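Notes follow once the structure below has been shown.
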Amino acid sequence: MTEQIFVSPSISKAEKYRELLPQIESLITGEEDLIANLANISAALKMAFSFFWVGFYIMRQGELVLGPFQGPLACTRIPLHKGVCGAAARQKKTLVVKDVNQFPGHITCSSESKSEIVVPLVASNEVKLVLDVDSEHLDEFDEVDQEYLEKVVALLKKTLLPMNLS
Ligand code: SME
């Protein structure tokens with residue numbers, strides 16, 4: 001298993017994601033343990049992009065429970081009617097929030113977080129977990145992040161299913 005993530009400096013965000021994706025694929029291929037893969041994906045994204053917070057919430061009995069992450073401490077449980085994570089899980093789609101303070105019901109784990117993207121992993125029409133990435137800058141995330149973070153979640157889905165994620 002690789003121990004280093006390499007992403008070239010001074011290239012576009014899309015190019016960085018394109019360099020990173022095969023490295024993430026090789027990190028998680030052959031490892032079926034969900035927690036191990038979520039931990040390494042969080043670390044790889046943090047190393048490549050220095051995101052403020054990157055991690056996962058796992059669906060457990062109808063609420064989202066904190067999983068592996070990199071960054072400051074975070075709230076442990078998110079009901080589906082709350083937060084960006086709850087909304088993305090409810091709607092079963094990626095949400096890009098340019099200013100978290102304008103998002104009704106946003107959950108503030110850190111006042112330094114200013115913008116956010118949440119990508120759900122949906123299998124058999126059920127949300128199994130969400131990938132949550134926070135930035136300390138307003139308007140950090142766009143359709144490029146959405147496209148590639150959805151690819152990261154698709155890789156995870158391919159590797160882990162039909163494992164039981166519930
Ligand atoms: N802001 C999220 C909560 C999780 S933290 O950002 C790590 C939300 O509103 O769902």
Side-chain angles (χ1 to χ4, degrees), residues 13-14 16-17 20-21 24-25 27-28 34-35 37-161 163 165-166:
K13 182 163 71 174
K16 286 186 181 178
Y17 276 117
L20 184 62
L21 270 177
I24 287 183
E25 184 168 24
L27 265 180
I28 64 179
L34 174 66
I35 300 302
N37 285 338
L38 300 186
N40 265 342
I41 291 173
S42 303
L45 287 169
K46 177 81 170 168
M47 286 168 80
F49 291 102
S50 301
F51 289 131
F52 177 70
W53 194 94
V54 48
F56 293 89
Y57 281 88
I58 303 169
M59 190 70 81
R60 300 262 190 241
Q61 288 152 349
E63 66 179 349
L64 293 164
V65 181
L66 183 63
F69 70 94
Q70 297 266 320
L73 296 178
C75 51
T76 55
R77 287 172 191 271
I78 301 180
L80 294 196
H81 63 277
K82 280 186 137 179
V84 184
C85 292
R90 231 175 30 246
Q91 295 172 36
K92 297 187 175 115
K93 66 169 199 186
T94 299
L95 292 183
V96 177
V97 178
K98 295 182 179 303
D99 178 355
V100 293
N101 290 317
Q102 303 301 318
F103 188 93
H106 168 258
I107 299 167
T108 307
C109 292
S110 164
S111 57
E112 288 179 58
S113 174
K114 301 282 195 304
S115 59
E116 181 164 1
I117 180 168
V118 179
V119 182
L121 187 160
V122 184
S124 306
N125 204 33
E126 287 178 10
V127 172
K128 304 295 186 182
L129 52 82
V130 300
L131 167 61
D132 181 16
V133 187
D134 288 35
S135 169
E136 69 271 59
H137 306 294
L138 282 170
D139 204 4
E140 175 82 35
F141 305 107
D142 56 20
E143 60 284 350
V144 172
D145 300 279
Q146 175 167 356
E147 178 185 348
Y148 287 99
L149 292 175
E150 286 179 352
K151 287 184 196 289
V152 170
V153 168
L155 281 176
L156 180 63
K157 179 176 171 179
K158 195 173 79 178
T159 310
L160 294 179
L161 296 179
M163 250 184 65
L165 303 182
S166 61

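The analysis underlying the following values was restricted to heavy atoms, covering all of them including side chains, and did not include hydrogens, waters or symmetry mates. Everything numeric in this text was worked out from a predicted model, so none of it was measured.
Under the 4.5 Å side-chain criterion, counting only non-hydrogen atoms from C-beta, L38 is in contact with L156. When side chains are defined from C-beta on, I35 counts as touching I58, because their heavy atoms get closer than 4.5 Å. Looking at heavy atoms from C-beta onward, V118 lies out of side-chain contact with V97 at the 4.5 angstrom threshold. Residues D134 and V100 are not in side-chain contact: their nearest non-hydrogen atoms beyond the backbone lie 4.5 Å or more apart. Under the 4.5 Å side-chain criterion, counting only non-hydrogen atoms from C-beta, V119 is not in contact with V152. At least one side-chain heavy atom of V130 sits under 4.5 Å from a side-chain heavy atom of P120. Side-chain contact check for V133 versus D145: every heavy-atom pair is 4.5 Å or farther apart. For the pair L131 and I117, the minimum side-chain heavy-atom distance is 4.5 Å or more.
The local environment of NZ in K98 is crowded, with over 12 non-hydrogen atoms from other residues, nucleotides or ligands closer than 6.0 Å. With a 6.0 Å radius and a threshold of 12 heavy atoms from other residues, nucleotides or ligands, K16 has its NZ atom above the threshold.
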**Q.** Test side-chain contact (heavy atoms from CB on, under 4.5 Å) applied to C75 and I107, step by step
**A.** CA-CA 9 Å; C75 51; I107 299 167; 3.8 Å; yes
Q. Given M59 and L64, is the side-chain contact (heavy atoms from CB on, under 4.5 Å) satisfied, shown in steps?
A. CA-CA 5 Å; M59 190 70 81; L64 293 164; 4.1 Å; yes
(Q) side-chain contact (heavy atoms from CB on, under 4.5 Å), that's the test. Do S110 and E136 meet it? Break it down for me. (A) CA-CA 9 Å; S110 164; E136 69 271 59; over 6 Å; no
Q: Begin from the C-alpha positions of F56 and L121 and carry the test side-chain contact (heavy atoms from CB on, under 4.5 Å) through to its verdict.
A: CA-CA 10 Å; F56 293 89; L121 187 160; over 6 Å; no
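Listed here is the closest heavy atom pair of D132 and C85: OD2-SG, 3.5 Å. Here the closest heavy-atom approach between residue F51 and residue L45 is recorded as CD1-O, 3.8 Å. In terms of heavy-atom proximity, L66 sits nearest to A74 at CD2-O, 3.8 Å. Closest approach of S115 and L138 over heavy atoms only: OG-C, 4.0 Å.
Aromatic ring centroids of F49 and Y17 lie under 6.0 Å apart.
A donor-acceptor pair is defined here as one N or O able to donate and one able to accept, closer than 3.5 Å; no such pair exists between the side chain of S124 and the backbone of E126. At distances below 3.5 Å, at least one donor-acceptor pair connects side-chain atoms of K157 with backbone N or O atoms of V122.
Taking NZ of K151 as the start and CG of L21 as the end, the distance is 7.5 Å to the nearest 0.5 Å. Atom-to-atom distance recorded for K46:NZ and F52:CZ is 7.5 Å, nearest 0.5 angstrom. With values rounded to the nearest 0.5 angstrom, L20 atom CG is found 10.0 Å from M47 atom CE. The OG1 atom of T94 sits 11.5 Å away from atom CD of E147, with the distance rounded to the nearest 0.5 Å.
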